[in-house]
Amino acid sequence: MRESTGERWARRIVLSLLTLFVVAPLYVMLSSGLKPLRDVQGPFTWLPSRVTFQPFVDMWQTVPLGRYLVNSLLVASSAAVVSVAIAIFAAFAISRYRFRGRQLFSVTVLSTQMFPGILFLLPLFLIYVNLGNATGIELYASRLGLTITYLTFSLPFSIWMLVGYFDSIPRGLDEAAQVDGAGPLRTLFQVILPTAVPGIVAVTVYAFMTAWGEVLFASVMTDEHSRTLAVGLQGYATQYNVYWNQAMAASVVVSIPVVVGFLALQRYFVAGLTAGAVK
């Protein structure tokens, strides 16, 4: 169907409004990071009276932002890698094999997404504290404990997503690999995984983003040394002042790894790469 003039203008207006809705907060964040503190605390202005990069320098001294950045990178990367590694094997087994309890396991994995995360906060806290007292393994207020915490809600979703993606891969690939003498693991690593790269990347990005911006568990399960960026940004609000310009500058810096990751991996999000795989 050919698009009419009214439909074309309606589409342009809607897209322009959506673009403005997305870009306006980003502009306010960036411009506020380039303003002196008195400009941010005063009446709002779209343009700074004086552009200064001092907030981008001072933000590293006001709070230990570097340590928070390292903690976030380590925790989010570890949670994403471990979650996807486990999910690949679990999803392959569910997608390609029929075994007793398969349906129950799939329903259980999916049902965990129905519960709000706050329900798991107190049980995990008690488990970590009691485990530390009994065995000396300190999971509370540690990066390892926070990584395990994020696995509890990123892993089920990762399994569910990869099962759906593996199901879309033609089984003829498996059969062709078996004819060539490939076993299950060889089929997984040499046939399924290269074909499922877009799905794996999408799940990895989801798991990373879930851990990168999480606040609730990070505010309870960490201390000053294991604190992540999502919680550490609160340090710009002190008892006597709120350094809004430094907080906005830090928010810009925090957003850079996520933006760079999306730009680097966006080509893997193209759907339909498995089309025509069986010839």
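Given the structure is predicted, the values throughout are model-derived calculations rather than measurements. Side chains included, hydrogens not; waters and symmetry mates left out as well; all remaining heavy atoms used.
I88 is connected to F189 through a chain of hydrophobic side-chain contacts under 4.5 Å among Ile, Leu, Val, Met, Phe, Trp and Tyr, so both are in one cluster. A single hydrophobic cluster is not seen to contain both L155 and V107; linkage of ILVMFWY side chains at heavy-atom distances under 4.5 Å, directly or through other members, places them apart. When the side chains of ILVMFWY residues are joined at heavy-atom separations under 4.5 Å, either directly or via intervening members, I13 and L20 end up in two distinct hydrophobic clusters. In the hydrophobic clustering of ILVMFWY residues, with side-chain heavy atoms under 4.5 Å counting as a link, V63 and V231 come out apart. Under the 4.5 Å side-chain heavy-atom criterion for ILVMFWY residues, a single connected hydrophobic cluster contains both V191 and I200.
You'll find the side chain of I148 stays beyond 4.5 Å of the side chain of V82, heavy atoms only. For the pair F89 and L185, the minimum side-chain heavy-atom distance is below 4.5 Å. For the pair D174/I192, a side-chain contact is recorded, criterion being any heavy-atom separation below 4.5 Å from C-beta on. The side-chain heavy atoms of Q54 and P36, taken from C-beta on, include no pair separated by under 4.5 Å. The shortest side-chain heavy-atom distance between T187 and R96 does not fall under the 4.5 Å cut-off. Proximity of T238 to Y243: side-chain heavy atoms (C-beta onward) are separated by under 4.5 Å at one or more points. Looking at heavy atoms from C-beta onward, T52 lies out of side-chain contact with K35 at the 4.5 angstrom threshold.
Taking OG from S251 and CE from M248, the interatomic distance works out to 4.5 Å, rounded to the nearest 0.5 Å. Atom CG in L188 sits 5.0 Å away from atom CZ in F92 (nearest 0.5 Å). One distance of note links CG of L233 with CE of M59; it measures 10.0 Å at 0.5 Å rounding. Separating the CD1 atom in I256 from the CG atom in L69 is a distance of 9.5 Å, to the nearest 0.5 Å. Taken to the nearest 0.5 Å, the CZ atom of R227 stands 5.0 Å off from the OH atom of Y68. In this structure, CG in D180 is found 10.0 Å from CD in Q190, a value given to the nearest 0.5 Å.
Under a cut-off of 6.0 angstrom, the local environment of CH2 in W60 is crowded, with over 12 non-hydrogen atoms contributed by other residues, nucleotides or ligands. Other residues, nucleotides and ligands contribute more than 12 heavy atoms inside 6.0 Å of the CZ atom of F99. Annotation for L18: atom CG counts as buried by contact number, over 12 foreign heavy atoms lying within 6.0 Å. Around the CZ atom of R8, the shell of radius 6.0 Å holds more than 12 heavy atoms that belong to other residues, nucleotides or ligands.
Under the 3.5 Å distance criterion, with hydrogens and angles disregarded, no donor-acceptor pair is assigned to the side chains of S226 and S142. A side-chain donor-acceptor contact under 3.5 Å links Q41 and N241.
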*asked:* Let's go through F44 and V28 carefully: what are the C-alpha distance in whole Å and the side-chain angles of both, what is the deciding distance for side-chain contact (heavy atoms from CB on, under 4.5 Å) to 0.1 Å, and is it a yes or a no?
replied: CA-CA 10 Å; F44 175 76; V28 172; 4.1 Å; yes
*Could you please spell out the steps behind the side-chain contact (heavy atoms from CB on, under 4.5 Å) verdict for V75 and W212?*
CA-CA 8 Å; V75 171; W212 182 262; over 6 Å; no
*Report the C-alpha separation of V197 and L193 in whole Å, then their side-chain angles, then the decisive distance to 0.1 Å, and conclude whether the side-chain contact (heavy atoms from CB on, under 4.5 Å) test is met.*
CA-CA 6 Å; V197 168; L193 292 188; over 6 Å; no
*Could you go step by step and tell me if N245 and S32 meet the side chain to side chain donor-acceptor pair (under 3.5 Å) rule?*
CA-CA 5 Å; N245 56 345; S32 298; over 6 Å; no
*Quick one: do D39 and T45 satisfy side-chain contact (heavy atoms from CB on, under 4.5 Å)? Show the steps, please.*
CA-CA 8 Å; D39 286 4; T45 56; 5.5 Å; no
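The two residues T228 and A218 have their closest heavy-atom pair at OG1-CB, 3.5 Å. Residues A79 and L151 come closest through the heavy atom pair O-CD2, 3.5 Å. Of all heavy-atom pairs spanning V242 and L37, the tightest one is O-CD1, 3.8 Å. Taking all atoms of both residues into account, the shortest heavy-atom contact from L26 to V22 is CG-O, 3.5 Å. Between A230 and V215, the shortest heavy-atom contact is CB-CG2, 3.8 Å. The two residues S95 and D167 make their nearest non-hydrogen contact at OG-OD1, 2.6 Å.
Looking at N71, its side chain does come within 3.5 Å of a backbone N or O of H225 through a donor-acceptor pair. Between the side chain of Y128 and the backbone N or O of G145, at least one donor-acceptor pair lies under 3.5 Å. At distances below 3.5 Å, not a single donor-acceptor pair connects side-chain atoms of S83 with backbone N or O atoms of A80. Side-chain N or O atoms of S168 include one that pairs as donor or acceptor with a backbone N or O of Y165 at under 3.5 Å. Not a single donor-acceptor pair under 3.5 Å links the side chain of R143 to the backbone N or O of S72. Judged purely by atom type and a 3.5 angstrom limit, Y27 uses its side chain to pair as donor or acceptor with the backbone of W46. Side chain of Y150 to main chain of S78: no donor-acceptor pair is present (N/O by atom type, distance under 3.5 Å, no hydrogens or angles). Proximity of a side-chain donor or acceptor of E214 to a complementary backbone N or O of L216 within less than 3.5 Å is detected.
Using bins of under 30°, 30° to 60° and over 60° for the plane-to-plane angle, the ring pair F53/F56 lands in the tilted bin. Aromatic ring orientation, F157 versus W160: tilted (interplanar angle from 30° to 60°).
Checked against F153 for a ring-ring contact (aromatic ring centres under 6.0 Å, His included), the options F217, Y206, F120 give a single hit: F217.
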